[in-house]
Amino acid sequence: MSSSLDSPHTASSTTPSQDTVAADRVTDRGRAGLRSLALPVGLLGLIVLGTLLSDRFLSTANLLNVLTSMSLVGIVVVGMTFVIISGGLADLSVPATLATGAIVMLSTQPTVGTALALLLAVASAGAAGLVNGILIGYGRANSIIVTLGVGTIVLGLAQAVVGGAIVYGEDPELAELVNGRVLGLVPFPVVVFALVAVVGHLALSRSVWGRWTYAVGSNYRATEASAVPVRATRAAAFLVTGLLAGLSGALLAISLQSVRPVIGTGYEFDAITAVLVGGVSVLGGFGSIPRAVAGLFFVQLLTNILVLQGISTPAQGLAKGALIAVAVGVDVHLRRRGGL
Amino acid sequence: MSATTFHRALRLVTDYRLAIMLSLTLAVAAVTVEGFVGLSTLGLSLDRASTIGLIALGLTVLLIAGQIDLSGGSIMALTGITAMALQPTLGLLGAVVAALCVGALVGAVNGLLVVRFHINSLVATLATMLAVRAVAHVATGSQPISGSDPVAGAVVVQRVVGVLTLRTVVFLVLLVLLHLWLTRTVAGRNLFAVGSNVQAATGSGVRADAYLFGAFVFGGLCSGAAGVLLSLGVNTGSPVFGETIVVTVIAAVVVGGTRLEGGRGSAIGTLGGVVTFAAITTALEFQSIPAYTQQVVTGVILIALIVLDRNATRRRASISGQQAVAPGPRVRPSSA
Amino acid sequence: MTDHVTTTDDAQAHPPALEMVGISKSFPGVRALTDVDLRVLPGRVHAIVGENGAGKSTLMKILAGVHQPDAGTLTVGGREVVIGSPLDAQRMGIGMVYQELNLVPDLSVAENICLGRMPRRFGVLDRRAMEQAATTALADLDAQVHWSTTVGDLTVSQQQLVEICKVYASRPDIVVLDEPTSSLSEHESQVLFDVVRRMRDRGISVIYISHRLREVLEIADDVTVLRDGHRIESRPVAGLTPADMIRLMVGRDLTEVFPKREVELGETVLEVRGLTRSGAFADVDLNIRRGEIVGLAGLVGSGRTEVARALFGLDRADAGSVVVAGRPVDVRRPGHAVAAGVAYVPEDRKADGIVPALSVRDNLSLASLGRRSRAGMVLARQERALAGEQIASLGVSPAAPERRIDTLSGGNQQKVVLGKWLATRPHVLILDEPTRGVDVGAKADIHRIIGDLAASGVGILLISSELPEVLAVSDRVLVLHEGRVAADLSAADATEAAVMHAATGQEAA
């Protein structure tokens, strides 16, 4: 896969059993253009709109705010991109794994220290992701039901462990670090997110495993017939998402120094919305991390504009729901016109 | 235990899982809950079960048709709010009708997204789930709202038939009607066909699109009814109602024997599943086990069922044939 | 083609149930049917025979309303008609029973038989009437199936009977059976024949498509032979021998001559003994030497692809041994096969061959990423080099490695799939219908590539339904019949007639 927003060619007609030449090139290019340009144009449009609607929009403070809030979701978005591209549809256990990471981070840090606590947090969230991966990749069970079920179990366990109360952190200094800036410029979470996104992008676009992920999402059978370990590839996507959600949760916990088990609510939908809006196909096999990040940017900017206009959080949920429907609808439309 | 014996045992458990689960649960409940077997506790359990049960009826129809619906909980919240909000102006009956219309409308949106725009039902109902929940929050400013006439509303929790509340009766009546429709009408049988092999159904002239659309509308209505009855009972409509209910509903329907892949299911089975979960909830609550632990139990059951389900699906006789192998002598390879 | 239809006086008295005159049909790059006539009389079983690709299924698809003919007329029951869709066909009294059954597994036999036409009473399902309709249909055809059984629980043969009853219950005038006995045992086939006879005795015209010549002689009254999209002959079955039919089916000039290279054969690179997979094939022995091209011939359903899949690890064999380049291997997954040096170009390009969303370059490297990566990261330069090499040597057009593979023509896609496997440097290459759906130019290219490969020391197993191709390219031909090796012919002995004899289960001529 190329490193920029992926290949500009879209699907052409399905190959009938008889020999056929490629579909009409002109409409192909048109559709391809739509796919590549829609997002940058949309982003530009949003920026223009935001500037027009509020003079606070373009201020450094506001933009940094957007970046920071975007980062924690962004870490999860990277994982969710793997899941969707591999054809896994979605990982609905993110609120639970995120909460697990958060709770383990804060509760173990006093005893074992920051580094180990972070490791434990990520690992415990990853364990849940592993269970998802095994049931979905090897057990071939429905990913939505499995992640819903596992998520419910893990969240319940998390709440049981803390007895339904709030967990408090004991390290305000660490909180300051995480809430502060690196090199006086960039907020800490943004740095972490950028790192994760870059590594994720390299993995997805240049590694063997990334190639396998695209292949599995595009045509499972053919990929299996090409001697690729398809089940492990499917499972890995969910494992990674669990790990990343744990990381995000740990960061969030340090930042807030207090955790309620419901801390992760909504993260999964935000991540899915971002990925879908970015043009990653819910059917699998198409998309990239840059696209997902662009989608995340779009959603966050939109949310920010709404917030600046004083529109409540729930109303933003409405916008997100509509966005998902539109993004997927467009994707399906493009696919059907161009064939599978 | 040898491999074959294990497989046979597994098969038995899978086939009779509803009966096994139900009896186990009832036994455990009877032992752990004082007076569980008493009629009044039973009546109470059933009353609470009816909320899940109503949504489960809608989901049963959709699963049979080979689709899924995640928006039930959100619809429930929205219709409850609608009923409470409109009660002063439209009166009890008017408000209920309006609320049901809202439910059906959301169902229609789901149907439109799936049938007309060919969006995967999972993604579509995910989107409506988010959107409707948001509407509920926006409409109420994230605050619960009270109805204007608690006394009139309380009628739903009145015992009308023995220990059964009005709510329970509505659920049971609807269940029986659904069962009859599924098993005894042409449309019901066609629904199974659509979920089991949509090409075969369409090829025989069954209008699959119409059935799918109707199924979603029905699902919306059921969730709507659940929301209305819930809110009337506590005289409150809240945007956070039903946030975690979807998992329990799916689990109940799957326990009842309805398959996730479509083509198989029954209303009576759903009843069994719903009762099972009601019993579990009652037993756990009686032990003062908090809600989140109940969630764990629900989740574990759901996962266990899926794994068992996978086993069972692999056994099914496939429609495409195997090749016949002729008896005969072996031809020695020519030494090249 | 001159009209060879010989009718008896009896038949002349009744108008034909179906008359297809001058039917021609082409698809891009392929001429499927040329000026074909078919006349089917009522109350007769009319068989249509021909090799794979002779045009049988295209003709039937036209009858079923799936395709429209480019030229020619259709007359059903004396009236000229246009069959625009499958529903049209049904309405005109044409019932189709395909090989892939079209039943609803979770409903009962009765419900399947009455699907779409279930009887009502006072708005609800009239169970009794449905039961009755089903029982009557089942009884008319003497099918030993109970109306209440869930279809998914029936055996394949029973399901097929249900499908036939379903078609019969809508009172058709014409019923088409497409290779109905391919999944049936001897006994089950006899049951099917009784059903066919019963339908015939009720005045239904049964069109029976089959490869199995003995069956055709047993069950059919008339037969039409197709070859290369042309009708060769139509006549009553009486007086025909299998040898006659084979002669009609295959007699042709070999117009396409494929260059055959003289290659020195090396040591045995693949040795298979007693390979068995229940329900698919049994006791298959196979030897291939380096540089040798062994053709695997047989009718559709004889188990060729199943053997290939088992050798490659896509399916598990129940018994048998496989030795590759002197080392015994246990192939349980494709990964094992590739590691052992076996590669498989599958039959169904779209389902098992190409990954549509990926570029040509990515498809080319998919099976050999291990060689072109380090520490898990793909070495882009090496990958590009591979792509360039393959595209050039295979003649992939357009020579654009970045393009999505599904924008290429079928022939070029096939070359890419071939290239993917060549990149794994196999000892043994199994090709399953490598030139199916490929235009003439690409076909010639692919044959050249196969020749080059053999010359370089690879052992090749070529599965093809196109006899001329198999005969021209192979050094030896193994013929499968119903899952068993029926003949192992050297190049000299392998004539079309000999292969067809073995493939149809005839004793050696």
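We name chains A, B, ... by the order of the sequence lines, and we start the count at 1 in each one.
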Find out whether C/C114 and B/R189 are in side-chain contact, i.e. whether some heavy atom of one side chain is under 4.5 Å from a heavy atom of the other.
no

Answer with side chain, backbone, both or neither: which region of C/L87 has an atom nearer than 4.5 Å to a non-hydrogen atom of chain B?
side chain

Is the CZ atom of C/R117 crowded by more than 12 outside heavy atoms at less than 6.0 Å?
yes

Return the CG to CZ distance between C/D106 and B/F192, rounded to the nearest 0.5 Å.
8.5 Å

Which of C/V104, C/V151, C/L103 passes side chain to side chain contact (heavy atoms under 4.5 Å, CB included) with B/S196? Answer is C/V104

So, C/Q90 side chain and B/G203 main chain: donor-acceptor pair closer than 3.5 Å or not?
yes

For C/E188, is it the side chain, the backbone, both or neither that has a heavy atom under 4.5 Å from a heavy atom of chain B?
neither

Yes or no on side chain to side chain contact (heavy atoms under 4.5 Å, CB included) for B/V186 and C/D126, after CA distance, side-chain angles and deciding distance?
CA-CA 8 Å; B/V186 174; C/D126 190 346; over 6 Å; no

Counting heavy-atom pairs under 4.5 angstrom with chain C, the leader among B/T183, B/L180, B/V194 is B/T183

Closest heavy-atom pair and its distance - B/A201, C/L115
CA-CD2, 4.1 Å

